[in-house]
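I have placed the structure first, in the form of structure tokens, so that the comments after it can refer back to it.
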Amino acid sequence: MPAPFERHRLTVTANEALGAYRVLKASDPGGPPTAGQFAMLAASERWGGGEDERPFLPRAFSYARWLAGRSEVPPTSDRRRSHRSPIGGEAHFLLEDVGPGTHRLCELQPGEGLWALGPLGVGFKAPSGGRAAVLVGGGVGIAPLAIWQDALDSATVLLGFRDAAHANGADLCHNAQVVTDDGSCGRRGLVTELLEEHLDEEPHSTVYACGPPPMLEAVRALCAVRGIPAQLALESGMACGFGACFGCVVPTRSGYARLCVDGPVLDAAELERVEHAGGHTYDSSSEPVLEGSP
Amino acid sequence: MPAPFERHRLTVTANEALGAYRVLKASDPGGPPTAGQFAMLAASERWGGGEDERPFLPRAFSYARWLAGRSEVPPTSDRRRSHRSPIGGEAHFLLEDVGPGTHRLCELQPGEGLWALGPLGVGFKAPSGGRAAVLVGGGVGIAPLAIWQDALDSATVLLGFRDAAHANGADLCHNAQVVTDDGSCGRRGLVTELLEEHLDEEPHSTVYACGPPPMLEAVRALCAVRGIPAQLALESGMACGFGACFGCVVPTRSGYARLCVDGPVLDAAELERVEHAGGHTYDSSSEPVLEGSP
Amino acid sequence: MSIDFCGIALAHPLVNGSGTFDAIAARRVFGQALDERFPFAAFVSKTITLRPRTGNPPPRLWEAQAGMINSIGLPNKGLERYMAEDLPELARLPAPLIVNVMGSSAQEIAQLLRACDARTEIAAIELNVSCPNVKTGLDIGADPQQLATVLGQVRPTSSKPLIVKLTPNCADVAACAVAAESAGADAVSLINTLRAYAPAPPHTPGAPPGPWLGGGTGGLSGPAIRPVALAQVAAVAARVAVPVVGMGGIQTARHARQFLDAGATLVAVGTESFRDPLAAGRIVREFSQASAC
Amino acid sequence: MSIDFCGIALAHPLVNGSGTFDAIAARRVFGQALDERFPFAAFVSKTITLRPRTGNPPPRLWEAQAGMINSIGLPNKGLERYMAEDLPELARLPAPLIVNVMGSSAQEIAQLLRACDARTEIAAIELNVSCPNVKTGLDIGADPQQLATVLGQVRPTSSKPLIVKLTPNCADVAACAVAAESAGADAVSLINTLRAYAPAPPHTPGAPPGPWLGGGTGGLSGPAIRPVALAQVAAVAARVAVPVVGMGGIQTARHARQFLDAGATLVAVGTESFRDPLAAGRIVREFSQASAC
Ligand SMILES: Cc1cc2nc3c(=O)[nH]c(=O)nc-3n(C[C@H](O)[C@H](O)[C@H](O)COP(=O)(O)OP(=O)(O)OC[C@H]3O[C@@H](n4cnc5c(N)ncnc54)[C@H](O)[C@@H]3O)c2cc1C
Ligand SMILES: Cc1cc2nc3c(=O)[nH]c(=O)nc-3n(C[C@H](O)[C@H](O)[C@H](O)COP(=O)(O)OP(=O)(O)OC[C@H]3O[C@@H](n4cnc5c(N)ncnc54)[C@H](O)[C@@H]3O)c2cc1C
Ligand SMILES: Cc1cc2nc3c(=O)[nH]c(=O)nc-3n(C[C@H](O)[C@H](O)[C@H](O)COP(=O)(O)O)c2cc1C
Ligand SMILES: Cc1cc2nc3c(=O)[nH]c(=O)nc-3n(C[C@H](O)[C@H](O)[C@H](O)COP(=O)(O)O)c2cc1C
Ligand code: FES
Ligand code: FES
């Protein structure tokens, strides 16, 4: 289903702490997203004026959950702002405050406005050939896995976090197995260790992963070795989210792909390796870099 | 008394409506201003991000009142922010919301921070030769007259406003005679008419005026004709407020004067005429304009 | 507010800045609404070159104060595939098509113009002269003489209206515009992005600082450059008779009006479309409300 | 973090941008605190010219997105009165004095340099070459050849360190820097303000739109230009051996560090001082905290 051709103004319905994260909920007049899709978000007031007078551009966030049905709009001082719609539902986003944009979004209160463009991008595809779904997440990367688990009949969910505070984010999913870097919650270790053990028992699986690049690269590598299909939800800096700026490219076997329209979910087989955002070791061409040209 | 060589962080103690205006009060660790002096103000949070992502520069505001003595700081969620000082007092500013800067300042709540540099500039001088003080104000220009009336033993106060809503600002002064453009409060007419009638009876006066340029020009002209000394508090766009940018100049008989250091109060005799801010009919030199040069 | 631009009838004065809106990708994302609500009076496609380009290595974006820096590096599928694959799709848009091309030599440019001249789907050609000269490293558009020479050589190869997109990274953009006009340009457009640098955010202490962008330097766009854009558009409009397409940081109808007042015939929306794909539609709406201007 | 700059020992790398801090006015406003807490490692005075200038008619200021546009027009009391009245006052500052001068011809510049050479209170001279050439209207600093010629003629007239303040309104600032170096400049400083235009806000409908600034066009400064400043400083530092003074939108120690990382030896704070007269003091403080950089 195509996205509405215009950013629309959502009304924040809740902003709840979930461990070290915030869950931002907003009434969404649009249709339901498919798991793995994202929205470009910006606060409708005071977007800008933060650190270095940013944010200026909208920011990309995965839909973490979507509740269908007429959404309730809380009382708001500013009636003009409140935004009802017969259809639609409530979109949930999981936020980690890492800079001016996420910081501003984490401040939003019920009744306040949220600009959203979406749902955007290509999401997860269902497992084929009777394979079992294994969802592997790290940190805030668990967001798209929650909505994917909602859509699947059954899935194994393996999550890794920095520490106990962040591990509370696991409540976004149902009966997830959790590991932490410091062992302060669940087993101490890496989520990829859980994944390997699980795949030893359940090789007939499809892996769905989202998290930091090193984790995704480890997932990609170990699935490649075992010949297990994997779908990876990647991140990259985005300006537009709808294919306009060519800024969000990631290197694939067939050259650069715009993550916002060809992703954010990519088949692991398309990737030679998952790069750190900000790493630029790869250049598929011998052409000279065009300094200063758009 | 010199101003502190650093902008300092005041804590807002109150933000009260006064007719169409706001009275912003803040605990001020600095010393008392002289009437007619001003401060460069900026909100300590979210200065920027308004219309066209302004404000960027601080804004100039006359001290409208200054209450000496240890100032009370209201409870604030953020203790770090609260700012006590053994000496100091409470500064009052009269604000009219005309753009992004004044708009932001009009939003400030008790406990929030306010950057201030001041007191700056040259204020009013006491009447000489036993002359009576006549204070003439228009609109938000009444601000410096209020603190000047506080300092004088006695003064006649004549104020003009657009309408009744704005005329409520007159409460900033004591027993002022008020006229409005629409007659919705007090007499219908111009404050300069009141002034002429008053000077007919009390020619041995010194006139102190602040308000829109056309009013100030009328005051200047009629005082000049009658040979009555007048001190005018002018306005001009300011970037720095301490003589650094040369941006705030106004034309005087002796060339351009930096209003922030040579004013804002100027002796009417120094002015050939009071210009509209933004009018640039006057150039004291035959030199070519240097386009694009700082 | 219908407008004649080089003989092309336009419904209003708003177009897009080349490379800031991909109508084909947008049709994939937004479906038929893209065509039904198409906001631009004419569509300007992203710069194409003779041979395909993959563009600069990522990262390609940096957010600046009131703007952004990009180092995209003109990725494109090259003339041949553009003509074969994209042109038919773009021809379906409810607006005239302006094709933006760039070449590093007069020969290359002539080839591009000749190819465009042959296609009726193309209403006009925009020539991006911000291409670095292989020898000097400067933009070929930065020097009036050099620009006039190149244009003189390529102008005869196409009878379609030729818009020269000037580079802002020069000493005297008005002189470049005059040179372009005298060499046969039917219009000029400006400004392109200002050469800019984004340092990598400080990581582990001791790590060597360097550029954030894979391309080293990039181009600054957005509201931060609007005052510079207005100065260049005003300077150019005062010196040339051909129509001027003004752009640089336009976010509102008031901003667009400022460019028209400065002498522009058309205005283009670029970076603002990233913040809202229908920003141009909003601006056109604001236009029809007197209040806006 | 003491630094040798052209043989002058500086306590730290922060100075002021010429024309953005008037130490004499500041002493009137802030009293002796100005000298006690003086934040700059060296003081750069506002451009002086041979004859007095009243400057451009007001309004002279416009606030832009993340910056400001000024059209001050270099008001100054002229060489003679500057030397007689201001120099003694500036000599009392607890920091070396750099005098910024501008002339519209080699003769004028030579006269200014000779006068500075004679005064022991002056540690170095900064030559502002953003002066419009009376014939071409372009900045004399915009063309490398012209710049080299002028500098070649004036360089011998002073033995003091000569800093050439380049103009950013040119095609190739690095080439200008190389020309300045080869003609004997001991250092270069950049960037000056970017040529910019501020339209008058719409008043009564129908009123003719025009420039807001009395001077017509102005110069953009502040954070909006920092990405352009960093690109120009990096380009210049890569091509010259002489020290570079970098400026343009510096607000924090992190910004200052970005310029030093890009190759600058000193950095200057300009517009940010308008927001807080002691901004430079804060930045120096932030410097001495590792966190900042
Ligand atoms: C498809 C997709 C889905 C996502 N889903 C989620 C989600 O569900 N939840 C979530 O919390 N996050 C998600 N993200 C990440 C999120 O978009 C970023 O965390 C956010 O954009 C950061 O913005 P910021 O302003 O808070 O921080 P910024 O400072 O903008 O970004 C932080 C990082 O960006 C870089 N950076 C620093 N300064 C700049 C600058 N000036 N310009 C550009 N980059 C800079 C640095 O590497 C820094 O570490 C997703 C991203 C994508 C692409
Ligand atoms: C010495 C002095 C004392 C003052 N005392 C008071 C006082 O006590 N109370 C009070 O309310 N006001 C006072 N003012 C006026 C006050 O400083 C201005 O109203 C304020 O700066 C407006 O800022 P703004 O952002 O709200 O509106 P702005 O939009 O910044 O200013 C409004 C006006 O500025 C012009 N303008 C519009 N856009 C811009 C732009 N981008 N850049 C520059 N100018 C622009 C237009 O003429 C517009 O009408 C005083 C001014 C001075 C100089
Ligand atoms: C991401 C991006 C890509 C661009 N690509 C091109 C391009 O391919 N060709 C071109 O002539 N201009 C290109 N531009 C320049 C824009 O067309 C426009 O001239 C510039 O961005 C200024 O307008 P703005 O501030 O509204 O964005 C690009 C700009 C951006 C931000
Ligand atoms: C109001 C103002 C006046 C200036 N006057 C001068 C000047 O007289 N001579 C000069 O060389 N530069 C002058 N400049 C340029 C600054 O020194 C500096 O190069 C420029 O502002 C960029 O730095 P910034 O962004 O930190 O302000 C002036 C800048 C401003 C804003
Ligand atoms: S974010 Fe702009 S193309 Fe992907
Ligand atoms: S406001 Fe800067 S000199 Fe007066």
Side-chain angles (χ1 to χ4, degrees), chain B residues 1-8 40 42 47-48 52-59 99-101 115 117-118 120-121 236-251 255-256 258-262 275 277-294, chain D residues 18-22 24-26 28-34 36-37 46-47 51 53-68 70-75 130-132 169 192-193 195-196 200 212 214-219 221-223 271 273-278 281-282:
Chain B
M1 193 181 96
F5 177 38
E6 186 162 24
R7 66 177 188 180
H8 41 283
M40 297 298 286
W47 193 249
D52 277 356
E53 278 147 65
R54 298 191 301 134
F56 170 68
L57 297 164
R59 303 295 198 246
W115 286 119
L117 179 71
L120 299 168
S236 72
M238 294 186 171
C240 71
F242 60 98
C245 75
F246 285 80
C248 62
V249 296
V250 295
Y256 289 127
R258 281 175 290 182
L259 198 67
C260 66
V261 285
D262 301 328
E275 304 271 345
H280 31 85
T281 47
Y282 171 104
D283 185 355
S284 69
S285 79
S286 56
E287 81 202 9
V289 162
L290 268 190
E291 294 233 347
S293 337
Chain D
S18 173
T20 64
F21 200 97
D22 180 338
I24 295 170
R28 266 169 66 197
V29 174
F30 304 119
Q32 60 188 29
L34 185 272
E36 291 163 2
R37 307 182 64 188
K46 184 166 176 64
T47 295
R51 276 165 296 285
R53 292 184 47 81
T54 55
N56 290 345
R60 292 177 169 185
L61 300 173
W62 184 257
E63 186 175 69
Q65 276 152 303
M68 60 178 280
N70 82 84
S71 178
I72 307 300
L74 302 174
S130 298
C131 176
N169 302 305
N192 210 318
T193 57
R195 193 170 286 111
W212 166 263
T217 63
S221 65
T271 299
S273 293
F274 300 158
R275 300 181 359 137
D276 179 358
L278 210 52
R282 169 179 50 81

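Throughout, protein chains are lettered first and strands after them, A, B, ... in sequence-line order, and every chain is numbered starting at 1.
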D:Glu36 atom CD, neighbour heavy-atom count above 12 within 6.0 Å: yes
Per-residue contact mode, [X] against chain B (heavy atom under 4.5 angstrom):
X	answer
D:Ala64	backbone
D:Asn192	side chain
D:Thr271	side chain
D:Ala33	both

Taking [X] for the side chain and [Y] for the main chain, is one N or O donor matched with an acceptor at less than 3.5 Å?
X	Y	answer
D:Arg60	B:Phe246	yes
D:Asp276	B:Arg7	yes
D:Glu63	B:Phe56	yes
B:Glu6	D:Pro277	no

Side chain to side chain contact (heavy atoms under 4.5 Å, CB included) partners of B:Pro58, counting only residues at least two apart: B:Met40, B:Ala42, D:Arg275
Portion of B:Met1 that has a non-hydrogen atom of chain D nearer than 4.5 angstrom: neither
Proximity breakdown for B:Leu57 and chain D, heavy-atom pairs closer than 4.5 Å: both
Min side-chain heavy-atom separation D:Asn56-B:Tyr256 under 4.5 Å: no
D:Leu61 vs B:Cys245 side-chain heavy atoms within contact, under 4.5 Å: yes
Heavy-atom closest pair, residues B:Pro2 and D:Gly31: CB-N, 3.8 Å
Among the listed options B:Pro4, B:Gly243, B:Ala3, the residue most often paired with chain D at heavy-atom distances under 4.5 Å: B:Ala3
Winner by heavy-atom pair count (cut-off under 4.5 Å) against chain D, out of B:Cys248, B:Pro55, B:Gly48: B:Pro55
Counterpart residues, side-chain hydrogen bond (donor to acceptor under 3.5 Å, both in side chains), relative to D:Ser273 (two or more places apart): none
Interface residue of largest heavy-atom contact number with chain B, from D:Gly19, D:Gly67, D:Ala25, under 4.5 Å: D:Gly67
Rounded distance [0.5 Å steps], CZ in D:Phe30 versus CG in B:Leu120: 6.5 Å
Aromatic ring pairing D:Phe21/B:Phe5, orientation class (parallel under 30°, perpendicular over 60°, tilted between): perpendicular
